[in-house]
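Comments concern the structure below.
On a predicted model such as this, the values are computed, not experimentally measured, just so you know. Numbers restart at 1 for each chain; the letters A, B, ... are given by sequence-line order, proteins then strands.
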2 protein chains.
Amino acid sequence: MARVERVLADEALFRQGDPPEAIFVVLSGEFKATQVTPEGDRVVVRLVGPGDLAGHVSMFCNTPYPATPLAMTESIALAWTHRDFTSLMARHPALSLAVIRNMAQAIENAHTRLREAATERVERRVAHALLRLIKQSGHRIDGGIEISFPITRHDIALMTGATLYTVSRILSAWEEQGIVSGGRRHLVIRAPHALMKIAEEEAPTK
Amino acid sequence: MARVERVLADEALFRQGDPPEAIFVVLSGEFKATQVTPEGDRVVVRLVGPGDLAGHVSMFCNTPYPATPLAMTESIALAWTHRDFTSLMARHPALSLAVIRNMAQAIENAHTRLREAATERVERRVAHALLRLIKQSGHRIDGGIEISFPITRHDIALMTGATLYTVSRILSAWEEQGIVSGGRRHLVIRAPHALMKIAEEEAPTK
DNA sequence: CGACCATTTGATCCCCATCAACTAAAGTGG
DNA sequence: CCACTTTAGTTGATGGGGATCAAATGGTCG
């Protein structure tokens, strides 16, 4: 019943504002779900990797797609129509549960980021973002952990609510300290432990 | 199969960090779901009103409760154990759908707030927050719309990622302009239209 | 090689957090 | 019913984190 959807890097699975025509499950690859504000600012609201759903919000609420999932690498996803997917869920209660579990994690993730955005300064938010990237798609290489898809300072800025300038400064400082390294659209975390310390360290003189 | 839970104002339905023992559906009243950071800062991640779920994230992921829902007024909720609720869902597919729909809205809401937190300045975020409050529990009175539960500047600050000082200044300014009015723990929006203008106005000289 | 994109780095500015002091309303207890 | 405390809110002064502007460098690709 499913349609297989193959998406090249930098292409969109669907577009923000379009009417919902399908719900997707990512099989391989990685997407960044970006929202555009009325003013034209962009934000990355979440990353969508293998096993994650996309388009579910619109599908179940019957609203236009709230974001545009851009493929960061060549990716493959399965697509169902609303009808097919709900009938599938009706026949397999385990599927409903899986959907719910996935959405629950998305909620928790979003709330965590909300909390970070409200209480933490940029450097720490970037540290959290990198740790999340590691967890979602880190790849061990000798001397560190590599982010397995091309990522720019600008992307990181959009994920943390900062500007690419500030992110660049932070990463430059970290590179000097040997915490990260990487070139153009490429990032390796050399000292995850140091990042965790930055991310969690108690604020001084509370 | 459900247990009826009655909660007085300023009491918690459950506490962040506790193991999940039930899932709740709010019948009446209003809760603010607050998260505490390791450093002790607090944030209101969402409002939970009639028809909304609480505790679902933990219940389905089997993780400790991620937040503490504090009752803003006396409230009533129904509680089910995990076992009872899943068996209920298995027997009534419509329930699964309702749960999914509610969670989808929570996700969209969280993403919207994320986007706002990342791109908008405080005044506009406060405007959005007030508009959301109106929508969720506004109550028409002559001369404006009243927020139907006690709310403090501090609460608004926790909802917008600002400080109570900044919120106080903004509301004072708005009060001078006749947009809002209200006293201690009490808020009336006199000119929702003006708020919408503040919330959506194009940034100057883009 | 030339055009474009990612990144870096410096200089400046301003929004808003922070600190501090004060007012006023609401409990509270004798 | 009145001192006393507590909690909510206001307002001024100050400083800093980070946005913004500007310009240069180095990688990639057609």
Side-chain angles (χ1 to χ4, degrees), chain A residues 9-10 32 37 39-44 70 72 116-127 129-130 147 149-177 180-188 198 203-206, chain B residues 8-10 32 37 39-43 70 72 116-127 129-130 147 149-177 180-188 198 203-206:
Chain A
D10 295 322
K32 49 182 175 186
T37 69
E39 284 82 26
D41 301 313
R42 265 182 307 134
V43 180
V44 172
L70 282 174
M72 310 187 75
E116 287 173 10
T119 62
E120 297 177 354
R121 19 205 66 169
V122 173
E123 185 178 36
R124 197 178 292 198
R125 296 209 302 271
V126 173
L130 293 194
I147 305 301
F149 47 77
I151 189 161
T152 67
R153 316 292 189 222
H154 192 68
D155 287 330
I156 298 174
L158 295 178
M159 293 193 287
T160 51
T163 62
L164 85 142
Y165 308 107
T166 305
V167 171
S168 175
R169 279 179 235 274
I170 290 172
L171 290 187
S172 294
W174 285 352
E175 191 149 13
E176 245 168 52
Q177 297 168 47
V180 304
S181 73
R184 189 188 170 82
R185 295 164 66 95
H186 185 254
L187 199 57
V188 176
I198 293 171
T205 64
K206 194 63 203 278
Chain B
L8 298 179
D10 295 323
K32 50 183 173 186
T37 68
E39 283 83 26
D41 301 312
R42 264 182 306 134
V43 180
L70 281 173
M72 312 188 74
E116 288 173 9
T119 63
E120 297 177 354
R121 18 205 68 170
V122 174
E123 185 178 37
R124 197 177 290 198
R125 295 208 303 271
V126 173
L130 292 194
I147 305 301
F149 47 77
I151 189 161
T152 67
R153 318 289 187 215
H154 192 66
D155 287 329
I156 297 173
L158 294 180
M159 293 192 288
T160 52
T163 62
L164 83 140
Y165 309 107
T166 305
V167 171
S168 176
R169 280 178 235 273
I170 290 172
L171 290 187
S172 293
W174 286 352
E175 192 149 14
E176 245 167 54
Q177 298 168 45
V180 304
S181 73
R184 189 189 172 81
R185 294 164 65 95
H186 185 253
L187 199 57
V188 177
I198 292 171
T205 65
K206 196 45 202 279

Name all residues meeting the side chain to side chain donor-acceptor pair (under 3.5 Å) criterion together with B:Thr152; count only those two or more places apart in sequence or in a different chain, and write none if there are none. B:Asp155
Checking A:Thr166 now: which residues fulfil side chain to side chain donor-acceptor pair (under 3.5 Å) with it, not counting sequence neighbours? A:Thr163
Looking at [atom1] of [X] and [atom2] of [Y], how far apart are the two atoms once the value is rounded to the nearest 0.5 Å?
{"X": "A:Gln177", "Y": "A:Ser172", "atom1": "CD", "atom2": "OG", "result": "11.0 Å"}
{"X": "A:His154", "Y": "A:Arg42", "atom1": "NE2", "atom2": "CZ", "result": "5.0 Å"}
{"X": "B:Leu130", "Y": "B:Leu187", "atom1": "CG", "atom2": "CG", "result": "6.0 Å"}
{"X": "A:Leu158", "Y": "A:Leu164", "atom1": "CG", "atom2": "CG", "result": "9.0 Å"}
{"X": "A:Ile151", "Y": "A:Met72", "atom1": "CD1", "atom2": "CE", "result": "5.0 Å"}

Which residues share a side chain to side chain contact (heavy atoms under 4.5 Å, CB included) with A:Glu120, sequence neighbours left out: A:Glu116, A:Arg124, A:Arg125, A:His128
Helix axis bend for the helix from C:dC1-D:dG30 to C:dG30-D:dC1 - C1'-based end axes, five pairs, 10° rounding: 50°
Which whole-number value in Å describes the distance from A:His154 NE2 to C:dC4 C1'? 16 Å
Using whole Å, what does the distance between atom P of nucleotide C:dT8 and atom CG of A:Leu171 come to? 7 Å
Produce a footprint string for nucleotides 15-28 of chain C: one letter per nucleotide, 5' end first; B if the base is under 4.0 Å from any protein heavy atom, S if only the sugar-phosphate is, - if neither. SSSBBB----BS--
5' to 3' on DNA chain D, which nucleotides open and close the contacts with chain A (atom under 4.0 Å from a heavy atom)? D:dG17 to D:dT28
Check every strand shown and say whether A:Ser168 touches a base, only sugar-phosphate, or nothing at a heavy-atom separation below 4.0 Å. base
Measure across B:Ala117 and A:Ala117 and return the closest heavy-atom pair with its distance rounded to 0.1 Å. CB-CB, 4.2 Å
Nearest heavy-atom pair of A:Ile170 and A:Glu123: which atoms, and what distance? CD1-CA, 3.6 Å
